[in-house]
Amino acid sequence: MKLAVIGTGYVGLVTGVALSEIGHTVTCIDVDPDKVNTLNQGIPTIYEPGLEELMKRNMAENRLFFTSKHQDGLAGADVIYIAVGTPQRPDGSANLDYVEQAAQDIAANITHDVIVVIKSTVPVGTNLHIKNIMNSYTKNEHHVKIASNPEFLREGSAVKDTFHGDRIVIGTEDQETADTLATINQPFDMPILKTDIASAEMIKYASNAFLATKISFINEITNICDALGADVEKVAEGMGKDHRIGPDFLKAGIGYGGSCFPKDTNALVQIAGNNHHVFNLLKSVIEVNNNQQILLLEKIQKRFGSLNGIQIIALIINILRHKLEKIYHQFLELLYVWRFKFNSICRSYEILEPI
Ligand SMILES: NC(=O)c1ccc[n+]([C@@H]2O[C@H](COP(=O)([O-])OP(=O)(O)OC[C@H]3O[C@@H](n4cnc5c(N)ncnc54)[C@H](O)[C@@H]3O)[C@@H](O)[C@H]2O)c1
Ligand SMILES: O=c1ccn([C@@H]2O[C@H](COP(=O)(O)OP(=O)(O)O[C@H]3O[C@H](CO)[C@@H](O)[C@H](O)[C@H]3O)[C@@H](O)[C@H]2O)c(=O)[nH]1
């Protein structure tokens with residue numbers, strides 16, 4: 001089947017490469033010509049184990065293409081995936097500008113009926129909103145069917161997660177579209193859950209919120225353990241042996257960061273609020289997470305007596321920055337929070353040459 005993917009960020013690139021690996025012909029489209037230029041040389045713009053090899057192989061076998069021109073990339077595509085960013089707005093809600101733009105790009109360039117699949121994480125109701133945008137642009141000249149296919153990969157194990165994930169969720173308005181998408185995904189050999197569109201959209205937010213809840217829960221337990229002299233790692237191990245709880249996402253630390261949990265938990269609080277529900281549990285999860293970063297600083301303060309004159313130095317080695325982008329950004333976020341909260345002398349140093 002001929003597919004197109006709009007957006008070659010983390011999700012779009014890995015999705016495009018994986019779909020070509022299971023036999024589809026895929027054209028990935030991005031508005032950033034530099035990114036497309038790099039990708040066309042067979043160089044991935046993110047570091048993910050196994051990605052470069054898959055990318056090179058499928059490009060060489062003429063199943064994987066990159067372009068910055070929507071018209072070229074969308075020509076003849078039966079199914080078009082949208083994988084553009086949905087960053088957080090200042091009020092915590094999801095910014096849908098990029099998804100709306102992608103919908104307009106599709107509407108302006110299709111010449112036949114298509115299925116549009118939204119992979120981006122979007123609030124419930126967005127798929128239908130996007131379908132309406134496309135229909136109003138195409139004036140119903142071409143029939144557009146819409147589907148929600150949320151992504152569950154983690155940065156750092158994106159290829160592994162894509163080929164060996166726990167499930168594929170497909171939310172559609174009709175059985176025929178669900179069957180077409182199930183056929184496309186069948187070679188992944190993963191359980192496929194077919195739902196209505198709203199449920200698929202919600203599964204993504206609910207999953208991230210639940211994982212974030214586990215993390216805030218264990219961080220709260222840590223704080224009590226610290227006061228009582230108990231070992232939180234042993235506590236988590238003991239809890240995780242109960243299969244109803246499970247061992248994953250019980251690592252205590254400085255709270256969750258990364259590109260998804262903070263924005264998606266905030267967005268779900270907003271989504272609930274827009275529907276007259278105060279999501280108290282999730283609000284507490286977020287509050288615990290924000291406090292956790294401050295608690296670490298308080299521990300340092302306790303150890304050194306006062307923070308006056310203390311320099312907290314972040315040695316970020318460039319080669320690691322490329323490979324461990326997530327940890328790098330998390331650390332910078334932490335320094336940012338500390339600077340404002342304590343006005344202490346926190347300086348980050350960057351070593352520009354690998355050592
Ligand atoms: N990063 C993750 O680990 C992850 C995992 C699961 C889900 N998600 C969700 O997937 C979505 C994409 O995330 P990401 O991290 O891949 O985003 P990203 O910001 O890394 O990449 C988005 C890409 O889309 C391109 N783009 C924007 N508008 C475009 C347009 N109209 N046409 C063509 N290209 C366009 C941008 O240039 C960019 O390269 C988000 O909704 C995110 O929440 C992300
Ligand atoms: O036991 C744990 C596990 C994770 N974390 C932190 O939680 C954050 C998220 O980690 P992880 O889930 O490994 O990475 P992400 O790439 O952010 O992936 C999450 O966010 C993605 C975007 O929505 C989803 O697709 C994934 O399923 C979901 O795991 C990081 O700050 C981790 O340090 C902890 O503090 N304790």
Side-chain angles (χ1 to χ4, degrees), residues 1-31 35-36 39-40 42 44-45 51 54-84 98-99 102-103 105-120 122 127 130-131 134 138 142-153 158-159 161-163 165 168-174 176-190 192 194 197 200:
M1 199 164 290
K2 203 167 173 216
L3 313 177
V5 180
I6 299 188
T8 59
Y10 237 100
V11 170
L13 180 58
V14 175
T15 299
V17 171
L19 286 169
S20 68
E21 175 68 11
I22 59 171
H24 304 293
T25 302
V26 185
T27 303
C28 298
I29 308 159
D30 204 288
V31 282
K35 210 177 243 193
V36 170
L39 294 168
N40 268 326
T45 42
L51 185 62
L54 291 182
M55 205 175 129
K56 287 203 158 104
R57 181 165 66 233
N58 286 289
M59 287 173 81
E61 290 176 9
N62 284 325
R63 276 195 302 270
L64 180 62
F65 304 90
F66 298 96
T67 179
S68 55
K69 294 193 176 62
H70 290 87
Q71 195 178 12
D72 297 348
L74 297 177
D78 308 297
V79 178
I80 302 166
Y81 287 79
I82 297 182
V84 298
Y98 301 102
V99 181
D105 294 336
I106 293 171
N109 289 291
I110 49 169
T111 52
H112 54 288
D113 295 352
V114 290
I115 297 176
V116 173
V117 181
I118 301 194
K119 262 221 166 282
S120 302
V122 292
N127 274 259
I130 292 303
K131 182 181 171 181
M134 287 187 288
T138 60
H142 307 296
H143 197 211
V144 177
K145 288 190 172 174
I146 194 92
S148 167
N149 173 213
E151 180 54 60
F152 301 101
L153 64 77
V159 172
D161 291 346
T162 304
F163 285 95
I168 292 170
V169 173
I170 295 171
T172 56
E173 287 180 295
D174 61 87
E176 192 189 344
T177 309
D179 290 345
T180 303
L181 294 181
T183 305
I184 289 174
N185 285 287
Q186 189 267 330
F188 285 124
D189 197 20
M190 262 188 253
I192 294 178
K194 294 177 186 167
I197 290 180

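In this text, all values refer to a predicted model and were calculated from it rather than measured experimentally.
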>> Holding to side chain to side chain donor-acceptor pair (under 3.5 Å), I want the full list of residues that pass it with Thr25, two or more places apart in sequence or in another chain.
In response: none

>> Do His70 and Asp105 pair up side chain to side chain, a donor and an acceptor below 3.5 Å, judged on atom types alone?
In response: yes

> Is there side-chain contact between His24 and Ile184, with at least one heavy-atom pair below 4.5 Å?
Replying inline: yes

> Hey, what do you get for CG (Leu3) to CD1 (Ile80), rounding to the nearest 0.5 Å?
Replying inline: 10.0 Å

> Would a 4.5 Å heavy-atom cut-off, applied to side chains only, mark Tyr81 and Ile29 as touching?
Replying inline: no

> salt bridge (Lys or Arg N to Asp or Glu O under 4.0 Å): which pairs involve residues 73-84, sequence neighbours left out?
Replying inline: none

> Can you tell me how far the CG atom of Leu39 sits from the OG1 atom of Thr45, to the nearest 0.5 Å?
Replying inline: 4.5 Å

> Do Cys28 and Leu64 come close enough that some side-chain heavy atom pair is under 4.5 Å?
Replying inline: yes

>> Among residues at least two apart in sequence or on other chains, which ones pass side chain to side chain donor-acceptor pair (under 3.5 Å) with Tyr10?
In response: Glu48

>> Taking ring-ring contact (aromatic ring centres under 6.0 Å, His included) as the definition, give me every residue that meets it alongside Phe152, ordered by chain and number, with sequence neighbours left out.
In response: none

> If you round to the nearest 0.5 Å, how far is CZ of Arg57 from CD of Glu21?
Replying inline: 4.0 Å

> Should the heavy atoms of other residues, nucleotides or ligands under 6.0 Å from CD of Gln71 be counted, would the total exceed 12?
Replying inline: no

> How long is the span from the OG atom in Ser148 to the CD1 atom in Ile130, to the nearest 0.5 Å?
Replying inline: 12.0 Å

> Say you draw a straight line from CZ of Phe188 to OG1 of Thr162; how long is it, rounded to the nearest 0.5 Å?
Replying inline: 6.5 Å

>> Set out, in order, the CA-CA distance, both residues' side-chain angles and the distance that settles side chain to side chain contact (heavy atoms under 4.5 Å, CB included) for Leu13 and Phe66, then state yes or no.
In response: CA-CA 10 Å; Leu13 180 58; Phe66 298 96; 3.7 Å; yes

> What pairs with Asp179 under side chain to side chain donor-acceptor pair (under 3.5 Å), at least two apart in sequence or on another chain?
Replying inline: Gln175, Lys194

> Just one of Val116, Leu74, Asp30, Thr27 clears the side-chain contact (heavy atoms from CB on, under 4.5 Å) bar with Ile6, so which one?
Replying inline: Leu74

> How about Met190 and Asn185: do any of their side-chain heavy atoms sit closer than 4.5 Å?
Replying inline: no

> If you round to the nearest 0.5 Å, how far is CG of Asn109 from OG1 of Thr138?
Replying inline: 12.0 Å

>> Run the side chain to side chain donor-acceptor pair (under 3.5 Å) test against Asp189 and tell me which residues pass, sequence neighbours left out.
In response: none

>> To check you understand the geometry: which heavy-atom pair defines the closest contact between Ala103 and Ile82, and what is its length?
In response: N-CD1, 4.4 Å

> If we only count heavy atoms from C-beta on, is the Lys145 to Thr180 side-chain gap below 4.5 Å?
Replying inline: no

>> How close do Ala147 and Asn127 get, counting heavy atoms only, and between which atoms?
In response: O-OD1, 3.1 Å

